[in-house]
Structure formats: structure tokens, C-alpha cells
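Hydrogens, waters and symmetry mates play no part in the numbers below; they use all other heavy atoms, side chains included. Residue numbers begin at 1 in each chain, while the letters A, B, ... track the order of the sequences.
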Amino acid sequence: MSRLTPENEAIAREIISRYPKPKSALIPLLHLSQEQNGHVTDEAMVHLAELVDVTPAEVIGTCTFYEMFKREPVGRYVVNICTNIAFQLLGAEELLHHAEHRLGIKAGNTTPDGLFTIEDVECVAACTEAPCLTVNYRYFYKVDGEDFDAIVEDLRNGRQPTRKAAETGPDGAIPSHGTLALERQHIPADRAAGNADPDSAPAPVWLEQQA
Amino acid sequence: MTAPIVKVVTSRFDIEDAHTLAVYERTGGYEGLRKALTMSPTAVHDEVKAATLLGRGGAGFPAGVKWGFCPPGVWPRYLVVNGDESEPGTYKDRLLMERDPHQLIEGCLIACYAAGLSQCFLYIRGEMALAQTRVARALNEAYAAGYVGRNVLGTNFSVDIVLHWGAGAYIVGEETALIESLEGNRGMPRLKPPYFPAAIGLYGKPTIVNNVETLSNLGWILRNGSDAYKQYGSESSPGTRMFAISGHVKRPGVYEVQHGITTFRDLFYDEQFCGGIRHDHQLKMFIPGGGSSPWFFEEQLDLPLEARPVGGAGSMLGSGAIVVMDETTDAVKACLRVVRFYARESCGKCTPCREGTNWLETILQRIYDGHGRPSDIDMLLDVGDNISPGPYPSAGWEAEGLAAVPFPPRQTTICPLGPSAVAPVTSALRRFRPEFEAKIRRRAVNIPLRVEESAHV
Ligand SMILES: Cc1cc2nc3c(=O)[nH]c(=O)nc-3n(C[C@H](O)[C@H](O)[C@H](O)COP(=O)(O)O)c2cc1C
Ligand code: SF4
Ligand code: FES
């Protein structure tokens, strides 16, 4: 269950093929494993090490540098509240306290039912929409306590929250934790220009012609 | 008089479904690329140089000049697009990727054609799921339509644009850390020199790193020409620029304005922008260019949004991120919050930053909590001096006879993140020292909120 499934392994191989060096695919592949399992497991990292031809220790080294990779299970919905300066000025800490009280957990923890994790995070590039939160990296703008309660209620009941959602169309749908983009890049074989091999790629032909 | 509004990069923001290829093509999309492909790569490069397109990622270096730094005869060259936007207060690149992804793709293609870049990696911040979705879809559409990939629009120009995404680390926005991250490593900045990855970058090969907004200008510049571009803005900073104005203004927002001629006062008080300070309060201070920039005050309001005067006045335009704070703001608290960011985000590679940012946070926290000691103020300045040997850039203060210390700061560190943590400390201490002293003197302990229910921890 923790190694990539055959379908995901095929996706992984396609991602790897887009880079001149396989290790470059590591972060996207860690995301893929997190999408499959909800968090990054040790077995998954061993599998990724095989796929990109590095040691498992190198995979752990990369994985542990980045905040989005969770090495323990987290909630189905990870609620991130930005408390950085532009938001602190307009009530972000109050919103965070409200969220902690409402869910009965401190930031950094998960509710016992495994539904929600709250995180106190840094600037999420929505600075003019204070205060704001994201649920599995989907944005909700200008959120107050009441909005927070409504969003949580909707998610508990399996509904797509729309109150204060920045994107209410299909592109804004909230999948469970681990899934980021709802669409993957796919380069058709007959359209691909091909990787530029750092050790052997020649000068670009469109420049040559000019000379 | 406020300069008239001109839209270069945000022209499609109000158009429904502008993120789709159909709408993009209907609104002049890919015309810049078509035009470029009828010109020689050198002519395209010259056009961009003539436009003096300044980088929008923070350092403000002219894109055309940077492209010229690739050593001749060394192949391949790569393009890495910096879409890691995470500087506190910065909010523009995410909008450009979500709402107009084809405009960015067109810019990438023009850059690759002009500078002879053989492969492009478009690095989007990990947390930006919608931007990743929109750019992935736009790339799929663009490949199918023949704009990207092998033999672009039937010419001999071929390049792949590969969507890459991060996983949460501010420091990865620094260009050499971005490259490390793209190689699958921990995102730590590389030692300088070389100062530009154009010499040695991705996989040790020449690499151009450009910001999303920078590249988003290229389609327009090629379509309309550099002369048209230079009609807007000032001579040394032509065109437009996006600014996010957040905090205590009546209408916070992201505004595209003419570069170099619009002033901070226009942005904050003009009715077509923010419309004044909230509740008509007094302005206390503002951060002019993202969390890393030294603070400005009332006296700096009439400065134009242009790199040189802002740098001379002791700060930087940085990433177009302005945070406005009114008279009710607690300077110690604001300073602590910004410093905490850098302490959290320090990558730990060099000692002055790793240790220093944490000490700055610890000392500020105890002052804020009412446990400060009289020696703490000097200690803050001393720790700051170890990261960035003073005098640290800061705004002038005429009433007190203090002259501005121009940008940039010096550094004992590998990258500018460490010195960034010193900006709020020296800014706040220079201007609001009595607030720190009062907290230390009163030793008023901040009682945490009452806990109503027991918490699961
Ligand atoms: C700590 C740090 C963080 C940075 N973060 C970003 C960022 O998120 N986005 C960005 O475009 N540039 C960022 N930069 C600037 C980049 O290093 C680089 O100068 C820029 O991407 C170059 O693009 P431009 O010339 O088009 O501006 C950062 C720099 C530092 C030192
Ligand atoms: S200054 Fe800080 S973030 Fe930059 S390399 Fe040193 S430790 Fe890392
Ligand atoms: S400060 Fe919260 S999103 Fe920027």
C-alpha cells in the first residue's frame, strides 16, 4: 500500500522522463506518494529511491527539508491559517485562536477523528485578502469565526464549502490531503522537443542558422 | 496627478476564462511569439534589452542584460521560471499563473528563443494548487496547438516547458536554492561566486532564472515593441509593475501601475487605488518591498515607485509588496512577527543566520512577553550586526537629524535571507525605541488567553 501502485508508478516514470536527470523528479514524486497515501511513508521513500536511482537516505534528506511533506498521518483536511504580518494586522491570530477552540486542538495537531489538522503558517500569497485560510491548499478569503465554522461544518458533512471560497468552480474542488493540481501535464511523444542533456546537448539549431 | 492606469500584464484579469487558450488567442495571445519567430533571436534579445525590462522578483536586474551573461559556446542553457512567491506581503505571481497562464508560457517561449535556452522548467510554489492546475492545463493546450515542444509553429525552434512544483520552503525562492531544489536536493543556496547562475546553474550549465511577472511582460513587449513599452513609466524603470498593498488601508488590493512615476502616496490615498488609511487613522509605518525591506514612514510617502530613489532612501522596492500599518500597530509585535518568519525559514547553512535569526526572535519574544531586560536592545543590535555589519540601511528621520543609510545591507551570510531579518529590528528600534523601552520597563506580562475547554494535544 505504501509503495506506489502500478498506475502511480507509470505516472512517476512519465514525470521522471521529463528531466535530464532523474533525481530532479524527486519532489513531484514525493507529492505523488503523498497523494496516494495521505502522507509520505518510509516504504514509499524506498520505492522512490529505486525509481530515481539514489539512496533512501537522500530521499529522506530532501523530504525532511520541505514543510508540505508529512511523515506522520495528518487530517483529511489540512487547514492552514496564515498569521504573517499582513494578516496579523487584521485578525489572523484571533482566527487561529478561534479555530483552535472550535476544533479543540492546538495548531500543529490533528482532531481525534482524523478529519482536521490546523497549521499556523507563513505568507500564502493572498496578502490583500486578510484574514485567509487554505484547506488542502484551496483558498478562502476574508474569513471570520462564523465563516470558519461554516466551512468546517460543510467539510464534516462531505459538502464542498463555498462560503468565502476564492475559486468556486470545478477547479476549486477540495480533494483529500495530498492531492495538489487537479490536472497533470502530459507531453505527447510526437510533440516533445526532448530533454537537453547537460553533458551532450548541442547549440540550439535556431541559433546556428542565424550565424 | 496620479499617472493614468495602463494594463500590460493584468489586461485579461477581468475577462472570464482568460486562462483558456481560446480566450487568450482571441485577445492577442501568442502574437508576440509569432512576431518574435519572424525575427532573428538576436533581434528579439535586442528588443528586450531596449525595453529595459527590470526583473520583478526582488533584485530588479534588467532581464535583457542578464540573458547576455551566459558564457558563449557553452551548451545547453536552461530557463528556470521562479514561481515560488513567498516573500511576506507578495501577491502577484500567483494571480498571473492562475488567471493568465498562457501569457507566462508565451513569455517563456520568447525568452528561450532569444537567449538560446534549450529547456524550460517552470517552478511553481508547492502550496499553489490552482496555479499548478491552470498552468498544467494551459501547457497541455499549448502543446496540442503547436506553440510548445518540437518545431514551434512549424519553425526550427523547439523547446519543452516542464511544469515543476515545490513543497513549502521560502528559501527556495532564492535562485541558487531554486536550482538545488530542482535538482531534487534540499533547497539551500549555493556559495557565491559565481554570482549569477547564468554562468553555472542547473546541472552546472548556464541557467537563466526569471520571475513570473518579468516573463509575463514579454508577449506584450514583442507584440507592441519596446518603444510602446517605454511610453509608460519612467526612463530608468519603464512599463508597469504590479503592487500588492495590504494591511490597514481602506481597499487593500493588487494594482498594476506605471513603474517609476506613481508614488506611495498615490497608492495609499488615491481613490482609484487604496482610498486612504482605514478609519482615516494616521499612518505609522509601511513595509515598501516585502518583509525583507527596511520600513518607511510618512516622510517617504512621496517617493516614486522606482528602484534608485527608494534604494537611496534606505529601502527597496523588492517584490512589489507593500504592507501598511496605522497608528494602532504595536511596533514590537510587528517586528517580532516579521523576524519570526526569517527565523522559521532560515535554511541553516550558515551560522550568523541560523543562530542569529533565532536569537533575534527569542529576545524580541521575551521583550514582547514582558520579560525583557534593559540590555536586550543592545543585544538585538549586536546580533543584527553579526549578520549584517552596520550601519544597516534605514530611512532618514529629519526631525531627529538622522540621515538615510542607502540600500543594500552588507552580509556575513551566504544569501540575503539572514540580513533580511535585521531590517525590521533596526527599522523599529531606530524609530520606535521608546516602545521597546516601555515594554522592558513596565515588564507587563502578557497573560495568554483563557482556555475554555481542555485541548487535545
Ligand atoms: C531569500 C530570497 C527569496 C526569494 N524569493 C523569490 C521568489 O519567491 N520569487 C522570485 O521571483 N524571486 C525571489 N528571489 C529573487 C531570486 O533570487 C531572483 O533574483 C529572481 O527570481 C530573478 O528573477 P528576475 O530577474 O526576473 O527578477 C528571492 C531571493 C532571496 C534572496
Ligand atoms: S543566510 Fe540563512 S537562508 Fe541564506 S544560506 Fe545562510 S542560513 Fe541559509
Ligand atoms: S501575509 Fe498572509 S498571505 Fe501574505
(request) Go through the atoms of Val254(B) and report whether side chain, backbone, both or neither lie under 4.5 Å from a heavy atom of chain A. (result) both
(message) Is Leu202(B) close to chain A through its backbone or its side chain, or both, or neither, when contacts mean heavy atoms under 4.5 Å?
(response) neither
(request) Please examine the side chains of Ile27(A) and Ser181(B), heavy atoms only from C-beta on, and report whether any two atoms are closer than 4.5 Å. (result) yes
(request) Taking Gln119(B) for its side chain and Ala196(A) for its backbone only, find out whether a donor-acceptor pair lies under 3.5 Å. (result) yes
(request) Let me know if Leu95(B) has heavy atoms under 4.5 Å from chain A in its side chain, its backbone, both or neither. (result) neither
(request) Could you look at Thr329(B) and say if it's the side chain, the backbone, both or neither that has a heavy atom under 4.5 Å from chain A? (result) side chain
(message) Check the orientation of Tyr113(B) and Trp206(A). Use parallel for under 30°, tilted for 30 to 60°, and perpendicular for over 60°.
(response) parallel
(request) Would you mind checking which part of Val324(B) comes under 4.5 Å of any heavy atom in chain A, side chain (CB onward), backbone (N, CA, C, O), both or neither? (result) backbone
(message) Is Arg251(B) in contact with chain A via its backbone, its side chain, both, or neither, using a 4.5 Å heavy-atom distance?
(response) neither
(message) Please classify the contact between Pro22(A) and chain B as side chain, backbone, both or neither, with a heavy-atom cut-off of under 4.5 Å.
(response) neither
(message) Given heavy-atom pairs under 4.5 angstrom as the criterion, report whether the side chain, backbone, both or neither of Leu139(B) touches chain A.
(response) side chain
(message) I'd like to know if the side chain of Asn140(B) and the backbone of His186(A) have a donor-acceptor N/O pair within less than 3.5 Å.
(response) yes
(message) With a 4.5 angstrom heavy-atom cut-off, is it the side chain or the backbone of Arg94(B) that approaches chain A, or both, or neither?
(response) side chain
(message) Please list all pairs meeting salt bridge (charged side-chain N to carboxylate O under 4.0 Å, His left out) that have one or both residues in residues 121-133 of chain B, counting only residues at least two apart or in different chains.
(response) Arg125(B)-Glu127(B)
(message) Please classify the contact of Ala126(A) with chain B as side chain, backbone, both or neither, using a heavy-atom distance under 4.5 Å.
(response) both
(message) Could you work out, with ring-ring contact (aromatic ring centres under 6.0 Å, His included) as the rule, every residue matching His177(A), not counting sequence neighbours?
(response) none
(request) Identify the residues of residues 55-65 of chain A whose heavy atoms come closer than 4.5 Å to a heavy atom of chain B, ordered by number, or report 'none'. (result) Gly61(A), Thr62(A), Thr64(A), Phe65(A)
(message) Under 6.0 Å between ring centres: does that hold for Tyr19(A) and His164(B)?
(response) yes
(request) Below 4.5 Å from any heavy atom of chain A, which atoms of Val338(B) appear? Answer side chain, backbone, both or neither. (result) side chain
(message) With chain A as the partner, which of Gly253(B), Ser86(B), Ala244(B) has the greatest number of non-hydrogen pairs under 4.5 Å?
(response) Gly253(B)
(request) Measure Pro188(A) against the heavy atoms of chain B and call it side chain, backbone, both or neither at under 4.5 Å. (result) side chain
(message) Would you say that more than 12 heavy atoms from the other residues, nucleotides or ligands in this model lie under 6.0 Å from the CG of Asp53(A), or not?
(response) no
(message) Is Val148(B) in contact with chain A via its backbone, its side chain, both, or neither, using a 4.5 Å heavy-atom distance?
(response) backbone
(request) Select one option (side chain, backbone, both, neither) describing which atoms of Lys333(B) are under 4.5 Å from chain A's heavy atoms. (result) both
(request) Measure Leu117(B) against the heavy atoms of chain A and call it side chain, backbone, both or neither at under 4.5 Å. (result) backbone
(message) Sort by residue number and list every residue of residues 80-91 of chain A having at least one heavy atom under 4.5 Å from chain B.
(response) Thr83(A), Asn84(A), Ile85(A), Ala86(A), Gln88(A), Leu89(A), Leu90(A)
(message) With rounding to the nearest 0.5 angstrom, report the CZ to CZ distance, Phe121(B) to Arg18(A).
(response) 10.0 Å
(request) Answer with side chain, backbone, both or neither: which region of Glu180(B) has an atom nearer than 4.5 Å to a non-hydrogen atom of chain A? (result) neither
(message) If I compare all heavy atoms of Tyr78(B) with all of Asp197(A), which pair ends up nearest, and what's the gap?
(response) OH-C, 4.0 Å
